Amino acid sequence: MPCWICATCGTQYKRSPEPPSACLICKDERQYVKHEGQRWTTLHQMQQQGYNNIIEAECPGLTAIYTSPKFPIGQRALLIHTPHGNVLWDCVTFIDAATVEKVKHDFGGIAAIVISHPHYYTSMVEWAESFQCPIMLHARDEQHVMRPSQSIRFIQEDEQQIVEGVTALRLGGHFTGSLVLHCSLPTVERPFLCTGDTIMVVPDQNPKAWVSFMYSYPNLIPLPSKEVARMRDQLAAWKFDKIYGAFKGQHVEAGAWDAVMRSADRYVGILDGNITRDFY
Ligand SMILES: [Zn+2]
Ligand SMILES: [Zn+2]
């Protein structure tokens with residue numbers, strides 16, 4: 001019996017002889033079902049179709065893992081190297097023997113997997129079983145787990161240390177359990193945040209960096225201004241200078257704390273009508 005994978009969002013489901021009747025992640029208003037309808041695949045099919053994972057240095061102390069060709073949302077996972085083991089932030093659906101061998105051989109495996117929110121739960125259980133490590137998810141999103149596992153540990157608090165120097169922070173917004181990961185490590189010169197979809201790194205980065213916040217990215221549903229203000233205020237106490245976003249090439253190179261504060265102020269100001277532009 002296979003574990004069926006939704007070909008639109010990449011979520012892997014628990015074993016069943018036939019595919020589930022629908023993907024609950026895609027039926028949620030934050031995602032979508034394509035015009036053609038629901039499609040399913042399996043890891044075995046993906047291996048036969050020639051998918052592979054690209055594993056490349058993002059910066060010293062940080063390695064990016066993403067699937068080629070792009071599948072399906074196209075996010076990357078980030079392997080954060082720490083003196084206390086590697087933490088995998090977010091996850092990708094595709095995994096094969098070559099990926100496992102390379103991560104074990106080149107980096108010494110994975111100590112823990114932390115995932116920002118349900119869109120990136122993907123085939124997390126396959127990863128956890130391959131690396132014999134726990135998966136840390138926020139308890140507020142437990143109802144979105146489609147393949148339960150003994151490997152999953154639910155974070156109950158709003159701040160949870162994963163290993164020394166790496167802390168998961170619940171900011172909510174996109175999902176009630178949406179996390180960011182704060183990293184302050186001797187291997188990386190400046191503290192940084194990994195943000196998944198909780199804070200989106202937007203294209204406008206020069207001369208000043210900007211980010212944004214949404215309830216749904218594909219369906220363009222914004223967050224209430226008071227929620228964005230709360231996320232901003234929660235992060236204000238943390239020091240970080242860089243942000244690594246969910247997709248290849250998405251990062252805030254410097255001044256990330258200022259970028260979050262400035263971007264949240266603009267978002268709140270425009271929604272509340274306190275910042276004006278020409279709209280009509
Ligand atoms: Zn789906
Ligand atoms: Zn998402």
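Bear in mind the structure is a predicted one, so any value in this text is a computation, not a measurement. Numbering of ligands and ligand atoms starts at 1, following listing order.
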Asker: Is there a donor-acceptor contact under 3.5 Å linking the side chains of Tyr120 and Asp197?
Answerer: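 The criterion, which ignores hydrogens and geometry beyond distance, is satisfied for Asp197 and Tyr120.
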Asker: Of all the N, O or S atoms in His119, which has the shortest distance to the Zn ion (ligand 2)?
Answerer: ND1
Asker: Would you say the ring centers of Phe71 and Phe94 fall short of 6.0 Å from each other?
Answerer: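 No, ring centres 6.0 Å or more apart.
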Asker: If the plane angle is over 60° it's perpendicular, under 30° parallel, otherwise tilted; pick one for His117 and Phe175.
Answerer: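 Geometry flag for Phe175 against His117: tilted rings.
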Asker: Are Trp89 and Tyr244 close enough that their ring centres sit under 6.0 Å apart?
Answerer: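 Judged by ring-centre distance (under 6.0 Å), Trp89 and Tyr244 do not meet the cut-off.
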Asker: Starting from the Zn ion (ligand 2), look over the N/O/S atoms of Asp197 and name the nearest one.
Answerer: OD2
Asker: What is the SG(Cys26)-the Zn ion (ligand 1)-SG(Cys9) angle, to the nearest 10 degrees?
Answerer: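 So the angle at the metal works out to 110°.
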